[in-house]
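Working notes for the structure below.
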Amino acid sequence: MPEDYRLFAAHWHDLLLLRRQLGESGSAQTSTQSSLDELRRTYDELEHRYEVMAAVMDSLEKQNGLLEQQNRLMQQQIDALTVIEQQLVERDTAVAIP
């Protein structure tokens, strides 16, 4: 084969290899883009779940605060009733002794 044909064939071969590599790169890029899109959807979903959980936590913390207030009030009422009960017992004892 003449040298010109060999040189042409070598360049043609290189060109075909480059085209194949370009096609493979395009496929890899498409695959990477698909993966990236899926990761973005997953991230958005997780971010939404986090926002919902943060709202739930905030609500639970508020409810916990209200329950603590109610417990304090109920304890005050129990303490007041205990004092009243002790006063009644003391009064009954004082009335029964004369």
Donor-acceptor contacts, no H, no angles, side chain residues 4-11, under 3.5 Å, sequence neighbours left out:
unit_1	atom_1	unit_2	atom_2	d
R6	NE	M1	O	3.4
R6	NH2	M1	O	3.2

Fill in: Backbone N/O of S27 and side chain of S31: donor-acceptor pair under 3.5 Å
no
Worksheet item: What distance separates D58 CG from Q63 CD, expressed to the nearest 0.5 Å?
Response: 10.5 Å
Fill in: Qualifying residues under salt bridge (charged side-chain N to carboxylate O under 4.0 Å, His left out), relative to R41, sequence neighbours excluded
E38
Discussion item. Tell me every residue that passes salt bridge (charged side-chain N to carboxylate O under 4.0 Å, His left out) with E85, counting only those two or more places apart in sequence or in another chain.
Written reply: none
Worksheet item: Got N64 and L60 here, is their nearest side-chain heavy-atom distance under 4.5 Å?
Response: no
Fill in: Straight-line distance of L88 CG to T93 OG1, nearest 0.5 Å
10.5 Å
Discussion item. Could you work out, with side chain to side chain donor-acceptor pair (under 3.5 Å) as the rule, every residue matching R20, not counting sequence neighbours?
Written reply: none
Fill in: Separation of E24 CD from L17 CG (nearest 0.5 Å)
9.5 Å
Worksheet item: Roughly how far, to the nearest 0.5 Å, is CZ of R40 from OH of Y43?
Response: 11.5 Å
Discussion item. Return the NE2 to CG distance between H13 and L18, rounded to the nearest 0.5 Å.
Written reply: 10.5 Å
Worksheet item: Which residues pass the side chain to side chain contact (heavy atoms under 4.5 Å, CB included) test with Q69, sequence neighbours left out?
Response: L66, R72
Discussion item. For a side chain to side chain contact (heavy atoms under 4.5 Å, CB included) check, start with the C-alpha distance between L22 and R19, then their side-chain angles and the critical distance, and finish with the verdict.
Written reply: CA-CA 5 Å; L22 180 62; R19 289 176 93 187; 5.5 Å; no
Item to complete: Not counting sequence neighbours, which residues clear side chain to side chain donor-acceptor pair (under 3.5 Å) with E45? List them please.
Response: R49
Item to complete: Decide side-chain hydrogen bond (donor to acceptor under 3.5 Å, both in side chains) for Q75 and N71; before the verdict, give the C-alpha distance in whole Å, the side-chain angles of both, and the deciding distance to 0.1 Å.
Response: CA-CA 6 Å; Q75 187 60 49; N71 284 342; over 6 Å; no
Worksheet item: So how far is it from L46 CG to M53 CE, rounded to the nearest 0.5 Å?
Response: 12.0 Å
Practice prompt. Please indicate whether Q29 has more than 12 foreign heavy atoms, meaning atoms of other residues, nucleotides or ligands, lying under 6.0 Å from its CD.
Written response: no
